[in-house]
A.B. asks: 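So that we are looking at the same thing, I have put the structure below in structure tokens.
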2 protein chains.
Amino acid sequence: MSDSTARPVDYSRVFTQAIDRLHAEGRYRVFIDILRNKGMFPNARCFAGHNGPMPITVWCSNDYLAMGQHPKVIAAMEEALHDVGAGSGGTRNIGGNTHYHVDLENELADLHGKEGALLFTSGYVSNEATLATLGKILPGCIIFSDELNHASMIAGIRNSGCDKRVFRHNDVAHLEQLLAAEDPNAPKLIAFESVYSMEGDIAPLAAICDLADKYNALTYLDEVHAVGMYGPRGGGISERDGVADRITIIEGTLGKAFGVMGGYIAADQTIIDVIRSYAPGFIFTTSLSPVLVAGVLASVRHLKASTAERDGQQASARMLKAMLAEVGLPVLPGDTHIVPLMVGDPVKAKRISDILLAEYGVYVQPINYPTVPRGTERLRFTPGPAHDEAMMRDLTKALVDIWNRLELELRKAA
Amino acid sequence: MSDSTARPVDYSRVFTQAIDRLHAEGRYRVFIDILRNKGMFPNARCFAGHNGPMPITVWCSNDYLAMGQHPKVIAAMEEALHDVGAGSGGTRNIGGNTHYHVDLENELADLHGKEGALLFTSGYVSNEATLATLGKILPGCIIFSDELNHASMIAGIRNSGCDKRVFRHNDVAHLEQLLAAEDPNAPKLIAFESVYSMEGDIAPLAAICDLADKYNALTYLDEVHAVGMYGPRGGGISERDGVADRITIIEGTLGKAFGVMGGYIAADQTIIDVIRSYAPGFIFTTSLSPVLVAGVLASVRHLKASTAERDGQQASARMLKAMLAEVGLPVLPGDTHIVPLMVGDPVKAKRISDILLAEYGVYVQPINYPTVPRGTERLRFTPGPAHDEAMMRDLTKALVDIWNRLELELRKAA
């Protein structure tokens, strides 16, 4: 059948080699099989071992405020489930546009003080679809992107076909240098995040907006690690800093602080209408289940009014950072709820994580490339309002034990 | 501030012009705001008018078998909601890998007789992420794509960076001609669908597999409009035709016949591992809510054992096609559950749909470009097991009335 001179491709070998490369680099990922216990977060069960479910404490969840367990959220989802059923049954255009979707978009537009909002099936898709579509609608647009932007923004920028200029992380002077070097008449878009999820630092929003004004650039701000958690109503860093009206497009997630699933953008109605009408990743996909949308509605409304969750989270993060620093563990400083502990090696990061789970019932994943640059591998803790002081003492002690055992350096404060 | 010789971009004008183009072409989309009544599908409520919700019959849902309303699905989701809460709280690698996800992947692998399966947040993402990643793992790969492939496959192929050859719809001779023209040593992938959702026709799976064998090509089959509905256990056309083991990767959705939300692929374990480890659209996104996953598990298990829904759907589709053809309405022939009624003009398709909703309480969306090629605009009915004969008579009568009113042609059978 095949040409006698041909050496047919051995697909199987190509695929196996791709996996072997990951093992060789020590960054092959094993997913830990867990079940959370509703109402008892951060307690959960782990199915990784062989002796039935083992109780664990979750330290790496992005359900930052435990809203995924909030009675109002659960009740709203249960009601929707019984009222309209499991799925939406179609794309937004063909049968999948429910009243829940319309209400939630209005709620999110209000949260950010924008004319409109648009739901996507995930934050990843929000970023990819919006940036790719914007770039196509604005021929010749140049996109200025922070070097630590999330993979979904990078994908959207690449798929936009636009020229890209990468500025050093949170470096406004470098951004200005790049903006000034381009044709003043070319369309420009600055794409950045507010809270960077792996560093736990915050972008200088007002200064970036000043540059956008000066160079007539649009701004695209990813607030997925900030919405629900910053600002008086949970509108993110742009609300906290009073600059939401200066950001062209604010993007957020429904799957982290809001505790459910999905993503969105908020912007002027015309921009919402353009993305709604042109983005394949929005048009050609079944809309979010109304059950999820109902849960998010309850969550957003609750966090607009309640600050207890935000205050509790900040207090927990401060306490944990202080405890880790006190014993000399290499915690990255910062003013956010994210607590990165630097390891700098993929194999060691995985080893620490494995020991924590197996011996201490502590669940925190190693963060390796491609999630962070090589050489900056780390553990990333996300204490929430429900992580108490006793849990933090246990965690700190476990980490010190392991650090000693693996002969890693502790930098004791003087 | 701005350069005095510069003409700054007027972003607002660019965006408004993009929307104006859609209005000018008659394909600006208005989403109909509806709520389904659980347990009473296809009955629903519409919020489009000004006098409160109006009762309607849904004729365009992709919840083909009404599994989104099935008591087993609802019960499973309610149980998960109370057991583990609303969202997964993270990516599959970081806190979002629950026991439900593991179980469902095993169930889907079994459904297709494959070693493994992998969940995505949507069918769109499954296609985009898998095809883009495959293309990158196989340098020099040439992708052979049916001309009517879904937008998500087209996006994945484009983002793979591979060379693409488009073969005429379901045309095996043309596909062979294209395969034969390429270097026999080059990696090759044939990407196609089983049931084409807008035409309602079926690809010649076995013949395409023969070509794949002959030319040493991988096969990628989108079964989103077939899983749950064809094959003795709902494994799709590949199960019905007994060729599942000859397809390299089978892709499906959890948001159509299974009634919930999400997407997946099933394949050999090595391929699953490659996509799991390399696809940004899988890695960098919050995993499906365990509530959804629990509902899908119940749905897949039910449809593996029960054929009543499939039989009812096929009977409904045959009956509706016969009724429409009898009065001379331009229904597209075909052996599937999809009933396309050709209009050939975007403005008329929208007008018919508007009248059906406003005057007859019939909800069916116009299908215009870019969902179908220009000049082939249509209405697309998806009768399911719960659409009864009386509903079909009412629908047929309404369509004949409108066809006469708009002076469209009825081709009466002799």
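Here is the naming used below: chain letters follow the sequence lines, and residue numbers restart at 1 for every chain. Predicted model, so just to flag it, every value in this text is computed and none were measured.
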A.B. asks: Under 4.5 Å heavy-atom distance to chain B, tell me which part of S299(A) shows up: side chain, backbone, both or neither.
C.D. replies: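 When you check distances to chain B, no heavy atom of S299(A) falls under 4.5 Å.
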
A.B. asks: Which residue out of I271(A), L218(A), V260(A) racks up the most heavy-atom pairs below 4.5 Å with chain B?
C.D. replies: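 It is L218(A).
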
A.B. asks: Could you check which of D83(B), T285(B), I367(B) has the highest count of heavy-atom pairs closer than 4.5 Å to chain A?
C.D. replies: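 Counting heavy-atom pairs under 4.5 Å, the top option is D83(B).
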
A.B. asks: Out of M67(B), R27(B), H150(B), E128(B), return the one with the most heavy atom pairs under 4.5 angstrom to chain A.
C.D. replies: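 Going by pairs under 4.5 Å, I would pick H150(B).
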
A.B. asks: In terms of heavy-atom proximity below 4.5 Å to chain A, should V296(B) be classed as side chain, backbone, both, or neither?
C.D. replies: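 Nothing of V296(B), per the 4.5 Å heavy-atom cut-off to chain A.
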
A.B. asks: Highest number of heavy-atom pairs under 4.5 Å with chain B: which of G96(A), A132(A), A66(A), G68(A)?
C.D. replies: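 Looking at each of G96(A), A132(A), A66(A), G68(A) in turn, G68(A) comes out on top.
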
A.B. asks: Considering non-hydrogen atoms only, spot the tightest contact between I19(B) and S277(A) and give its length.
C.D. replies: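 The answer is CD1-OG, 4.1 Å.
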
A.B. asks: Between Y11(A) and K188(B) (side chain of the first, backbone of the second, donor and acceptor by atom type, cut-off under 3.5 Å), is there such a pair?
C.D. replies: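 Side chain of Y11(A) to backbone of K188(B): a pair is present.
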
A.B. asks: Return the minimal non-hydrogen interatomic distance between I34(B) and G95(A), and the atom names on each side.
C.D. replies: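 Between these two residues, the closest heavy atoms are CD1-O, 3.5 Å.
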
A.B. asks: To the closest 0.5 Å, what do you measure between CZ (R92(A)) and CD1 (I32(B))?
C.D. replies: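 The distance works out to 12.0 Å.
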
A.B. asks: Counting only non-hydrogen atoms closer than 4.5 Å, does Y215(A) touch chain B with its backbone (N, CA, C, O), its side chain (CB onward), both, or neither?
C.D. replies: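 Looking at Y215(A), nothing touches chain B.
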
A.B. asks: Heavy-atom cut-off 4.5 Å, strictly under: side chain, backbone, both or neither for L288(B) against chain A?
C.D. replies: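 For L288(B), heavy atoms of backbone and side chain both lie under 4.5 Å from chain A.
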
A.B. asks: Check whether A186(A) gets within reach of chain B through its side chain, its backbone, both or neither, counting any heavy atom under 4.5 Å.
C.D. replies: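 Contact with chain B is through the backbone of A186(A) alone.
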
A.B. asks: Check each atom of A155(B) against the heavy atoms of chain A and say whether the ones under 4.5 Å are side chain, backbone, both or neither.
C.D. replies: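 Answer is neither: A155(B) stays 4.5 Å or more from chain A.
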
A.B. asks: Of all heavy-atom pairs between P8(A) and N185(B), which one has the smallest distance, and what is that distance?
C.D. replies: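 Heavy atoms of P8(A) and N185(B) come nearest at N-OD1, 4.1 Å.
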
A.B. asks: Roughly how far apart are R21(B) CZ and Y278(A) OH, rounded to 0.5 Å?
C.D. replies: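 Between atom CZ of R21(B) and atom OH of Y278(A) there are 4.0 Å.
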
A.B. asks: For A44(B), is it the side chain, the backbone, both or neither that has a heavy atom under 4.5 Å from a heavy atom of chain A?
C.D. replies: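 The answer is neither part of A44(B).
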
A.B. asks: Under 4.5 Å from any heavy atom of chain A, what part of V102(B) do you find: side chain, backbone, both or neither?
C.D. replies: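 It is the side chain, since no backbone atom gets that close.
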
A.B. asks: Looking at Q69(A), H70(A), M77(A), Q17(A), which makes the most heavy-atom pairs under 4.5 Å with chain B?
C.D. replies: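 The candidate making the most pairs under 4.5 Å is M77(A).
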
A.B. asks: Please determine, among T248(B), T16(B), D273(B), the option with the most heavy-atom pairs under 4.5 Å with chain A.
C.D. replies: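 Highest number of heavy-atom pairs under 4.5 Å: D273(B).
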
A.B. asks: Please classify the contact of F120(A) with chain B as side chain, backbone, both or neither, using a heavy-atom distance under 4.5 Å.
C.D. replies: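 When you check distances to chain B, no heavy atom of F120(A) falls under 4.5 Å.
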
A.B. asks: Do you know which of T121(B), V30(B), T371(B), D183(B) has the most heavy-atom pairs with chain A at a distance under 4.5 angstrom?
C.D. replies: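 The answer is T371(B).
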
A.B. asks: Between S88(B) and chain A, which part of the residue has a heavy atom less than 4.5 Å away: side chain, backbone, both or neither?
C.D. replies: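 The answer is the backbone of S88(B).
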
A.B. asks: Going from CG on N93(B) to CD on Q365(A), what distance comes out if it is rounded to the nearest 0.5 angstrom?
C.D. replies: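 Answer rounded to 0.5 Å: 4.5 Å.
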
A.B. asks: As an exercise: rank P280(A), S122(A), G123(A) by heavy-atom pairs under 4.5 Å with chain B and give me the winner.
C.D. replies: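 Answer, by heavy-atom pair count under 4.5 Å with chain B: P280(A).
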
A.B. asks: Could you check which of L81(B), V14(B), D63(B) has the highest count of heavy-atom pairs closer than 4.5 Å to chain A?
C.D. replies: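 Option with the top pair count is L81(B).
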
A.B. asks: Given that the side chain runs from C-beta out, which part of Y64(B) has a heavy atom under 4.5 Å from chain A: side chain, backbone, both or neither?
C.D. replies: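 Answer is neither: Y64(B) stays 4.5 Å or more from chain A.
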
A.B. asks: Where do V291(A) and E78(B) land on the side chain to side chain contact (heavy atoms under 4.5 Å, CB included) test, with the steps shown first?
C.D. replies: CA-CA 10 Å; V291(A) 178; E78(B) 186 169 346; over 6 Å; no

A.B. asks: Report yes if the side chains of I272(B) and F15(A) come closer than 4.5 Å at any heavy-atom pair, otherwise no.
C.D. replies: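 No, too far: nothing below the 4.5 Å cut-off.
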
A.B. asks: Taking the side chain from N62(A) and the backbone from G90(B), do they hold a donor-acceptor pair closer than 3.5 Å?
C.D. replies: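 Looks like no, no N/O pair under 3.5 Å.
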
A.B. asks: Considering all heavy atoms of both residues, which atom of C60(B) and which atom of I94(A) are nearest to each other, and what is their separation?
C.D. replies: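 Heavy-atom minimum between the residues: O-CG2, 3.5 Å.
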
A.B. asks: Compare every heavy atom of A86(B) with every heavy atom of I74(A), then report the nearest pair and how far apart it is.
C.D. replies: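 I74(A) and A86(B) have their closest heavy atoms at CD1-N, 4.0 Å.
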
A.B. asks: Distance check, rounded to the nearest 0.5 Å: Y124(A) atom OH versus I283(B) atom CD1?
C.D. replies: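 It is 9.0 Å, given to the nearest 0.5 Å.
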
A.B. asks: Between Y363(B) and chain A, with a heavy-atom cut-off of 4.5 Å, which part of the residue counts as in contact: side chain, backbone, both or neither?
C.D. replies: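 Contact with chain A is through the side chain of Y363(B) alone.
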
A.B. asks: Which heavy atom of L35(A) sits nearest a heavy atom of T98(B), and at what distance?
C.D. replies: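 In this case the closest contact between L35(A) and T98(B) is CD2-CB, 4.0 Å.
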
A.B. asks: Measure T286(B) against the heavy atoms of chain A and call it side chain, backbone, both or neither at under 4.5 Å.
C.D. replies: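 The side chain, not the backbone.
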
A.B. asks: Could you tell me which portion of V73(B) (side chain, backbone, both or neither) has an atom closer than 4.5 angstrom to a non-hydrogen atom of chain A?
C.D. replies: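 V73(B) touches chain A through side-chain heavy atoms alone.
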
A.B. asks: Which of the residues G85(A), G87(A), G89(A), S61(A) is involved in the greatest number of heavy-atom pairs with chain B at under 4.5 angstrom?
C.D. replies: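 It is G89(A).
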
A.B. asks: Tell me, side chain or backbone of P370(A) under 4.5 Å from chain B's heavy atoms, or both, or neither?
C.D. replies: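 Both backbone and side chain.
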
A.B. asks: Checking R276(A) against Y28(B): charged group under 6.0 Å from the ring centre and within 45 degrees of the axis?
C.D. replies: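 Yes - R276(A) lies over the ring of Y28(B), closer than 6.0 Å to its centre and within 45° of its axis.
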
A.B. asks: Report which part of M261(B) has an atom under 4.5 Å of a heavy atom belonging to chain A: side chain, backbone, both, or neither.
C.D. replies: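 When you check distances to chain A, only side chain atoms of M261(B) fall under 4.5 Å.
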
A.B. asks: Mark yes or no for whether N159(B), through its side chain, and N159(A), through its backbone, hold a donor-acceptor pair below 3.5 Å.
C.D. replies: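 Pair absent, no side-chain N/O of N159(B) close to backbone of N159(A).
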
A.B. asks: Name the region of H82(B), side chain, backbone, both or neither, that has any atom closer than 4.5 Å to a heavy atom of chain A.
C.D. replies: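 Both backbone and side chain.
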
A.B. asks: Identify which of G255(A), S287(A), P366(A), A18(A) forms the greatest number of heavy-atom pairs closer than 4.5 Å to chain B.
C.D. replies: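 Ranked by contacts with chain B, first place is A18(A).
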
A.B. asks: Is chain B contacted by the side chain of L254(A), its backbone, both, or neither, given a heavy-atom distance below 4.5 Å?
C.D. replies: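 Neither part, no heavy atoms under 4.5 Å.
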
A.B. asks: Crowded around E25(B) CD? As in, over 12 foreign heavy atoms under 6.0 Å?
C.D. replies: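 It does: E25(B) CD has more than 12 such atoms within range.
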
